[in-house]
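Taking it in order: structure first as structure tokens, then the write-up.
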Amino acid sequence: MAPVRTRIAPSPTGNPHVGTAYTALFNVAFARQQGGQFVLRIEDTDRTRYDPDSEGLIFDTLRWLKLDWDEGPDVGGPFGPYRQSERTEIYREVAEQLVQKGAAYRCWCTPQRLERIRQEAMARKEPFQYDQFCLGKTEAERRRLPDCADRPVVRLLMPDEGTTVFTDLIRGEISFENRLIDDQVLLKSDGFPTYHLAAPVDDHLMRISHIIRGEDWISSTPKHIVLYDALGWEFPKLAHMSLLRNVDKSRISKRKNPWANLRWFREQGYLPEALVNFLALMGFSMPDGREVFGIDDIIAVFSFDRLSVTGPGFDLTKLDWLNGHYIRSLSVDQVVDRARPYLIAAGITTTDDVYLRRVLALEQERIHKLAEAPELTRFFFEDVTPDPKLLVAKGLDAARTAELLRAASDAFGAAGENATASELEERFRALAEQQGVTTGQLFGAIRVAITGTTKAPPLFDTAVTLGLERVLRRIDRAIAALEALAPPAATGPAPSSPPPGRG
RNA sequence: GGCGCAUUCGUCUAGCGGCCUAGGACACCGCCCUCUCAAGGCGGAGACCACGGGUUCGAAUCCCGUAUGCGCUACCA
């Protein structure tokens, strides 16, 4: 049996689309499972939409996801070149062959004429199809007639009767009536092929055994089959994946949905393994029901009948959970490595790796996306100016809170530089009792004083990590803030007057 | 409009004629843990399997129709 070879064939027209990774994932999984090869081919035949930066972005993001290819433009391979713009000669030859065999014909109709007959068909409420005006005419004959372009296109001649049937590995049998299918342009007047020539030709020449692609190609499959038949080629096996949708089932658009761009996931701080896992969950399920798994697990059990046919809605909340799960499963050192670029980008540029490591150890289970790391950890690196209103615990006033903080400051001082978190906890529990306040009130005030927030890792672990110097300095600042607070002036709501003092 | 593909809890899904009074995960709610936030544990609510007809002793599972969504209908891919 011929070796299994799959491919992903993106167009370099901007930022890589999430659907590209989605489709690539299953192409890789199946090829690996079968001991075959996975090919990356760049479909750059549309010169008007070509973006020179796009190809590099495609390489980068697919590698980021560890969806590596065995053959491609940058790694070479025995069936290259792998950029369609470098293969135009091949397509022209095949087009010529098809014309010779009578399976295709040249068409000189101008875009204006095509547009006109399209409008006429619409006016008659009939489906538009090319009227085969040029079929059977020589160039000389055609030139005597109106609406004749300088350079012809080549159109595929579709049979006007019969049915084209094919078996989809995911959906079963699908059939189309040939007479309803238009004579597709294969070779454009600029000499470049359309998808409908280039992709089938390359799939054959590159020995692709299984075409796993998006369901948007189902409708054009009969054209490709007719083309293969005309050339006497054997058609690869087919599997059409459902297209990813938004939660409301609408189409994902790059304009409206940032997650259409693969790069967005990296910017947000999603781990590639989490994204791969999430994409796999969109339509694939493990036989044992596991939901957390990697590509190796997919490879172990992959089967086309485990792919669902429904277009899945893209719900980021599950991705967030998965991502948090993966972050928690990392070692602290890995978290440091992964979070560092996001911290640096946000202006947190510590060189104290020991400290950074301790900080991230505390925040690891609180990070859902790496891009959140700077906000979660900033108070470890920069002194805070706590909001006095947050400082004052329930049931206390500013003066009493300041008093508690003074006592806390003394207690930290007495505990010294080397106190452990549990030693501190014991000491401060005693302090709360002695002061006649709850631990919640005391700890809460200290927390806001030293972290600036009510949401932080356990207080004494945080204090130990911050170090005595920072803790004492911040408590002093908090006391000062409380003292600057005007005496409780009967709580005038006064929405137009912000808190006095420090802006 | 024509053609094609689809339709199970809010979301992702399990299910491939009897094991389904439909299972799991995320999200949600409650409780526990607890110095806050997380994380974790336990529990709960949530799907007349789009709707209507068949086939069958028996249907979420097979067939037909309707509705809805999505795709194609370009010298885009």
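None of these values were measured; they are calculated from a predicted model. Residue numbering restarts at 1 for every chain, and letters A, B, ... go by the order of the sequence lines. In what follows, every heavy atom counts, from backbone to side chain, and hydrogens, waters and symmetry copies are set aside.
- Residue contacts shown for A:Leu281 are limited to sugar-phosphate atoms, with no base heavy atom under 4.0 Å away.
- Residue contacts for A:Ser285: at a heavy-atom cut-off of 4.0 Å it reaches the sugar-phosphate backbone alone, with no base atom in range.
- Among the protein residues, A:Phe428 comes within range of no part of the nucleic acid, since none of its heavy atoms lies under 4.0 Å from any strand.
- With C1' as the reference atom, B:G24 and B:C20 are 14 Å apart, rounded to whole Å.
- A salt bridge does not link A:Glu423 to A:Arg429: none of the charged side-chain nitrogens sits closer than 4.0 Å to a carboxylate oxygen.
- Here A:His17 lies out of heavy-atom contact (under 4.0 Å) with every strand.
- Within the nucleic acid shown, A:Ser220 has no heavy atom closer than 4.0 Å to any nucleic acid atom.
- Nucleotide B:A25: paired with B:U11 (Watson-Crick or G-U wobble, both distances less than 3.5 Å).
- Using the six-membered ring where Trp is involved, A:Phe302 and A:Phe284 have ring planes that are parallel, under 30° apart on the 30 and 60° scheme.
- Atom NZ of A:Lys188 has more than 12 neighbouring heavy atoms from other residues, nucleotides or ligands inside a 6.0 Å radius.
- Note on ring orientation: taking the six-membered ring where Trp is involved, the planes of A:Trp264 and A:Trp259 are perpendicular (angle over 60°, cut-offs 30° and 60°).
- Note on A:Glu291 versus A:Lys318: salt bridge recorded, some NZ/NE/NH1/NH2 to OD/OE distance being below 4.0 Å.
- For the C1' atom pair drawn from B:G46 and B:U11, the interatomic distance equals 12 Å after rounding to whole Å.
- Taking 4.0 angstrom as the limit, A:Arg49 places none of its side-chain polar atoms (N or O) nearer than this to OP1 or OP2 of B:A77.
- Within the nucleic acid shown, A:Val185 comes within 4.0 Å of sugar-phosphate atoms alone, with no base atom in reach, counting heavy atoms only.
- Listed pair A:Ser308 / B:U13 meets the phosphate criterion, a side-chain N or O lying under 4.0 Å from OP1 or OP2.
- With a cut-off of 3.5 Å on both Watson-Crick or G-U wobble distances, the partner of B:C20 is given as none.
- Between A:Phe166 and A:Phe176, the ring-plane angle classifies as parallel under the 30° and 60° cut-offs.
- B:G2 and B:A60 have their C1' atoms separated by 32 Å, given to the nearest Å.
- Ring-plane geometry between A:Phe235 and A:Tyr228 is classed as perpendicular, the angle between the planes exceeding 60 degrees on a 0 to 90 degree scale with a lower cut at 30.
- Side-chain to base pairing of A:Ser189 with B:C75: one donor and one acceptor N or O lie within less than 3.5 Å of each other.
- For a distance-only test at 3.5 Å, the side chain of A:Lys318 fails to qualify as a donor-acceptor partner of the base of B:A27.
- The phosphate of B:A77 has OP1 or OP2 within less than 4.0 Å of a side-chain N or O from A:Thr45.
- As judged by a 4.0 angstrom heavy-atom cut-off over every strand, A:Pro287 is placed among residues making no nucleic acid contact.
- A close approach under 4.0 Å does not occur between any side-chain nitrogen or oxygen of A:Ser219 and OP1 or OP2 of B:U73.
- Within the structure, every side-chain polar atom (N or O) of A:Lys223 is placed at least 4.0 Å from both OP1 and OP2 of B:A77.
- Between A:Arg328 and B:G40 there is a side-chain polar atom (N or O) within less than 4.0 angstrom of OP1 or OP2.
- A:His325 has no side-chain polar atom (N or O) that falls below the 4.0 Å cut-off from OP1 or OP2 of B:C26.
- If you check B:U36 for Watson-Crick or wobble pairing at under 3.5 angstrom, you find it has no partner at all.
- If you check B:G65 for Watson-Crick or wobble pairing at under 3.5 angstrom, you find it paired to B:C51.
- Distance noted for atom C1' between B:A59 and B:G15: 12 Å (whole Å).
- Counting non-hydrogen atoms under 4.0 angstrom, A:Gly324 reaches nothing in the nucleic acid.
- Comparing the C1' positions of B:U21 and B:A25 gives a spacing of 23 Å, expressed to the nearest Å.
- When each of A:Gly313 and A:Asp305 is assigned the nucleotide of RNA chain B bearing its nearest heavy atom, the one mapping closer to the 5' terminus is A:Gly313.
- Taking 4.0 angstrom as the limit, A:Arg447 places none of its side-chain polar atoms (N or O) nearer than this to OP1 or OP2 of B:C37.
- A salt bridge links A:Asp288 and A:Arg290; the closest N-O separation between the charged side-chain nitrogens and carboxylate oxygens is under 4.0 Å.
- A donor-acceptor contact under 3.5 angstrom links the side-chain atoms of A:Arg366 to the base of B:C37.
- In the interface, the side chain of A:Glu126 is not paired with the base of B:G2 through any donor and acceptor atom under 3.5 Å apart.
- Residue A:Thr438 is classed as having no contact, given no heavy-atom separation below 4.0 Å to the nucleic acid.
- Residue A:Glu291 is classed as a base contact, given a heavy-atom separation below 4.0 Å to a base.
- Among the atoms of the strands shown, none is found under 4.0 Å from any heavy atom of A:Phe192.
- Contacts of A:Pro10 with the nucleic acid, taken as non-hydrogen atoms under 4.0 Å apart, are absent.
- Rounded to a whole angstrom, the distance from the P atom of B:C63 to that of B:C42 is 41 Å.
- For the P atom pair drawn from B:C16 and B:G52, the interatomic distance equals 24 Å after rounding to whole Å.
- Taking for each of A:Pro312 and A:Arg171 the nucleotide of RNA chain B with the nearest heavy atom, the 5'-most of the two is the partner of A:Arg171.
- Between A:Arg306 and B:G15 there is a side-chain N or O to OP1 or OP2 distance below 4.0 Å.
- The partner of B:A59 cannot be assigned: no Watson-Crick or G-U wobble pair with both contacts below 3.5 Å exists in any strand.
- With a 3.5 Å ceiling on both atom-pair distances, the Watson-Crick or G-U wobble partner of B:G71 is B:C3.
- A:Leu187 comes within 4.0 angstrom of nothing in the nucleic acid, heavy atoms only.
- Taking atom C1' on both B:A14 and B:C26, the two are 15 Å apart, rounded to the nearest angstrom.
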